[in-house]
Amino acid sequence: MFSENLKALRKQKGMTQEELASRLHVVRQTVSKWEQGRSVPDADLLVRLAEVLETTVAVLLGSPVEEPEDKDALAQALERLNETMAERNRRSRRIWKAVAIVLGIMALLILFQFVLGMVSYQSFSTSQDVTVENQPLL
């Protein structure tokens, strides 16, 4: 009973054998032996184990702990959440892509305007030089 209860409670808490062992300051193999029924913890470790798993020693040693039956419902809820997050990420990427395109077009327009201004300035400055040369000197 203890071994099944320990394993069920550990899994309900979402802990690995390694994490549980670390919190109890034992090696993972010790937790594995407990879960396989090959050994049991001493009284002090049993109390600490109950504290870490947020339960009582009586529950650890008592009747079997029931594992939740609705694992499929949880898996489906996680799948829906995953799909929602994926869609949100796709929308976000599309928005940032559109922003990048708009900024790129604006940069090209500013560059085009700058080049056009330089060309017209050079054209104006060249025409001024020509008119000054053709004017008679006083």
Whether the side chain of S22 engages the backbone of E18 through a donor-acceptor N/O pair (distance < 3.5 Å, no angle test) should be reported. no
With R88 via salt bridge (Lys or Arg N to Asp or Glu O under 4.0 Å) - residues at least two apart: none
Could you give me the CA-CA distance, side-chain angles and deciding distance for L49 and L20, then say whether side chain to side chain contact (heavy atoms under 4.5 Å, CB included) is met? CA-CA 8 Å; L49 186 58; L20 181 58; 3.9 Å; yes
Rounded distance [0.5 Å steps], CG in L9 versus CE in M15: 11.0 Å
Does one hydrophobic cluster hold both I101 and L109, with members joined at side-chain heavy-atom distances below 4.5 Å? yes
Is there a path from V31 to V40 through hydrophobic residues (I, L, V, M, F, W, Y) whose side chains come within less than 4.5 Å of each other? yes
Within the supplied structure, the quantity of interest is the number of heavy atoms (other residues, nucleotides, ligands) at a distance under 6.0 Å from Q113 CD; does it exceed 12? no
Evaluate the salt bridge (charged side-chain N to carboxylate O under 4.0 Å, His left out) criterion for residues E87 and R90: first the C-alpha distance (whole Å), next the side-chain angles of each, then the deciding distance (0.1 Å), finally the verdict. CA-CA 5 Å; E87 181 61 31; R90 282 192 292 274; 2.8 Å; yes
All heavy atoms of G117 vs all of S120, minimum pair found to be O-OG, 3.0 Å
Can you name the nearest heavy-atom pair linking G37 to S3, along with the distance? N-CB, 3.8 Å
Distance check, rounded to the nearest 0.5 Å: M85 atom CE versus L78 atom CG? 12.5 Å
If you take all heavy atoms of E19 and T16, which pair is closest and at what distance? OE1-N, 2.9 Å
So, does N5 use its side chain to make a donor-acceptor pair with the main chain of V59 at under 3.5 Å? yes
For the student: nearest non-hydrogen atoms of T56 and A50, plus distance: C-CB, 3.8 Å
Could you go through L6 and L53, starting from their C-alpha distance and side-chain angles, then the distance that decides it, and tell me whether this counts as side chain to side chain contact (heavy atoms under 4.5 Å, CB included)? CA-CA 9 Å; L6 173 61; L53 294 174; 3.7 Å; yes
ILVMFWY cluster membership beyond I110 - transitive side-chain contacts under 4.5 angstrom: none
Quick one: pull up CD in E79 and OG1 in T84 and give me the separation to the nearest 0.5 Å. 10.5 Å
For the hydrophobic clusters of this structure (ILVMFWY residues joined by side-chain heavy atoms under 4.5 Å, transitively), does one cluster hold both V57 and V26? yes
In short, side-chain hydrogen bond (donor to acceptor under 3.5 Å, both in side chains) pairs touching residues 26-36 with sequence neighbours left out are R10-E35, Q17-R28, Q17-E35, S32-Q36, Q36-R38
